Protein chains: 2
Amino acid sequence: MARRSDHTREELETLITDTAEQIVSAEGFAALTARRIAKDIGYTPGTLYNIFGSMDGIYLAVNVRTMDKLLEALARPESDAPNTPLEERLRIMAGLYMDFAHENKALWLMLFEYALTGEIDLPVWYQDKVQTLFAPLEDVLTPLFTGKEHSREHKMAARVLWSSVHGICLMRETGKIPLISGETPYAMSDYLIENFIKGLHDRAS
Amino acid sequence: MARRSDHTREELETLITDTAEQIVSAEGFAALTARRIAKDIGYTPGTLYNIFGSMDGIYLAVNVRTMDKLLEALARPESDAPNTPLEERLRIMAGLYMDFAHENKALWLMLFEYALTGEIDLPVWYQDKVQTLFAPLEDVLTPLFTGKEHSREHKMAARVLWSSVHGICLMRETGKIPLISGETPYAMSDYLIENFIKGLHDRAS
DNA sequence: ACTATCAATGAACGGTGTTCAATAACATGG
DNA sequence: CCATGTTATTGAACACCGTTCATTGATAGT
């Protein structure tokens, strides 16, 4: 039996989450099992259930961490240089998103595999976390939507753009919806942003 | 033992696919197991493996059928009325897509759950089937891209629009990426199409 | 040192996809 | 009509899965 005070409850939480994250990164979501995590940390599955209640709890913990990393990636300074045109800021941000998804493929896919699989409602704190993902995009779009009467449209534009880039990203990472030969997802997202923003400007004038 | 000539091999194929489709429709992808299908059709799991080799084969068979039904739905006459402006045709088609996803939620989700889960490459005939899904959208966009030099852009526009509507649709059906309160996915897709097409027209002029 | 607490265990349960020797239903030739 | 060969079908078995829970044993308090 493992020494009872080898780790505090908090230490175990992060130890389990760390290990889970590493397994997914290296071998994909399918390799993430209770027995595997337990083996890697030198405990037994029961301990995972003391801490997280179920595998779902572990999935959520890993996903929250992935969202944090994603938010960090989107805040990279390139997109914050002053005097950068709005459209280019958007292109950079979309690029950062796609880069992140590509470099953290398994973790990024897990974000949505799990969301799709689960039939039960996600906890509110998790939903709130998801909401925060839109903030960087909304910030970039702010100049286009001054005035309170455009608040709804502002939110909508952010979500529409987000969904769209996400859809393109899914094409690339799953490889199931085939890209056009020779066409990069970056070109596709640029094309989308270019025309969508052009349309938005038309409205303003 | 079931009478050996109760069903031909072909009959068994469709019988299994039918049953699998029905189980997913009624109870979701998670309820689709080999033993369950076998029980429903009065055979044993082994028979499924004689016919489809593995559960993957059954997943693919169901998905192909779903894609066929989707293609059929997208070809509904509403979108073919003459003198309909291109933008409205697009809005209708996006609406038909979202309607289909909503009315066949479990089957539609299965299309992507499976694609995400599987690590192995999909068979070519399946990839070809996926390709056909873009055709209706490409057809609608044809007037915007006359001339051979725009062939690539034509394909790209279709895929970008498709991915985008798909992303919005995912928001709605999974409920994980929250929609704005009071904003329908239809409004979002309309907003996307309106501005994207406006941008495309700018280019032309 | 004794005791009460409780983290950790490991066996067990009912499920999964999958394999494969045995079987039984059929088709065929004598 | 029977014997034989073929093969679809079976069901037990394997290695896994998430999850539960009585038992155990390390710890902390007295």
Side-chain angles (χ1 to χ4, degrees), chain A residues 1-17 19-20 23-24 27-63 106 110 113-120 122-123, chain B residues 1-17 19-20 23-24 27-63 106 110 113-120 122-123:
Chain A
M1 189 181 267
R3 293 270 83 71
R4 188 171 166 182
S5 49
D6 270 356
H7 305 95
T8 68
R9 193 182 175 87
E10 282 77 24
E11 280 171 344
L12 268 176
E13 272 179 32
T14 65
L15 183 58
I16 291 169
T17 313
T19 308
I23 292 170
V24 173
E27 299 167 44
F29 184 42
L32 186 65
T33 69
R35 287 170 177 85
R36 171 65 192 281
I37 300 173
K39 201 188 76 174
D40 284 10
I41 65 175
Y43 282 80
T44 55
T47 296
L48 306 189
Y49 283 82
N50 287 342
I51 306 283
F52 282 101
S54 76
M55 287 303 289
D56 280 3
I58 296 175
Y59 301 154
L60 293 181
V62 172
N63 280 348
M110 177 177 168
E113 286 179 41
Y114 175 64
L116 262 54
T117 300
E119 292 294 318
I120 324 153
L122 296 173
Chain B
M1 190 180 265
R3 292 271 83 72
R4 190 171 165 180
S5 51
D6 271 356
H7 305 96
T8 68
R9 194 182 173 86
E10 283 77 25
E11 281 171 342
L12 268 176
E13 273 179 32
T14 64
L15 183 57
I16 291 169
T17 312
T19 307
I23 292 171
V24 173
E27 300 166 45
F29 184 43
L32 187 66
T33 68
R35 286 171 178 84
R36 171 64 193 280
I37 299 173
K39 201 188 75 174
D40 284 11
I41 65 174
Y43 281 80
T44 54
T47 296
L48 306 190
Y49 282 82
N50 287 342
I51 307 282
F52 283 101
S54 74
M55 287 303 288
D56 280 4
I58 296 175
Y59 301 153
L60 293 181
V62 172
N63 281 348
M110 179 176 167
E113 285 178 42
Y114 175 65
L116 263 55
T117 300
E119 293 292 319
I120 325 153
L122 295 173

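Small disclaimer: the values here were computed from a predicted structure and weren't measured. All chains are named by letter (A, B, ...) in the order of the sequence lines, taking the proteins before the strands, and each is independently numbered beginning at 1.
For the atom pair CD1 of A:I37 and CE of A:M55, the computed distance is 4.5 Å after rounding to the nearest 0.5 Å. Taken from CG in A:L15 to OG1 in A:T19, the straight-line distance is 4.5 Å, to the nearest 0.5 Å.
For A:Y43, the side-chain atoms get nearest to C:dA8 when compared with the rest of D:dT19, C:dA8, C:dT19. Distance from the side chain of B:T47 is smallest to D:dT9 among C:dG17, C:dT9, D:dT9. For B:N50, whose side chain is taken as the heavy atoms from C-beta onward, the closest listed nucleotide among D:dT19, C:dA8, D:dT9 is D:dT9. Here the side chain of B:M55 is nearest to one of D:dT9, C:dG10, C:dT18, namely C:dT18.
In plain terms, the two heavy atoms of A:T44 and A:A38 that are nearest each other are C-CB, 3.5 Å. The shortest heavy-atom contact between B:R36 and B:A31 is CG-O, 3.9 Å. Minimum interatomic distance between A:F29 and A:V24 (heavy atoms only, all atoms of both residues): N-CG1, 4.1 Å.
Two residues are said to be in side-chain contact when any heavy atoms from C-beta on lie closer than 4.5 Å; A:Y43 and A:L12 meet this criterion. In this structure, the side chains of B:I41 and B:H7 stay at 4.5 Å or more apart for every pair of heavy atoms.
Atom CG of B:L48 is separated from atom P of C:dC20 by 17 Å (rounded to the nearest Å). At whole-Å resolution of the value, OH in B:Y49 and C1' in D:dT7 are 20 Å apart. In this structure, NE2 of B:H7 is placed 14 Å from C1' of D:dT9, rounded to the nearest angstrom. To the nearest angstrom, P of C:dG15 lies 14 Å from CD of B:E27. Atom C1' of nucleotide D:dA8 and atom CD1 of B:I16 are separated by 12 Å, given to the nearest angstrom. Atom-to-atom, CD1 of B:I51 to P of D:dA8 comes out at 8 Å; the value is rounded to the nearest Å.
Residue B:L12 is classed as a sugar-phosphate contact, given heavy-atom separations below 4.0 Å to backbone atoms only.
Shown for residues 32-40 of chain B: residues whose heavy atoms fall under 4.0 angstrom of DNA chain C, namely B:L32, B:T33, B:A34, B:R35.
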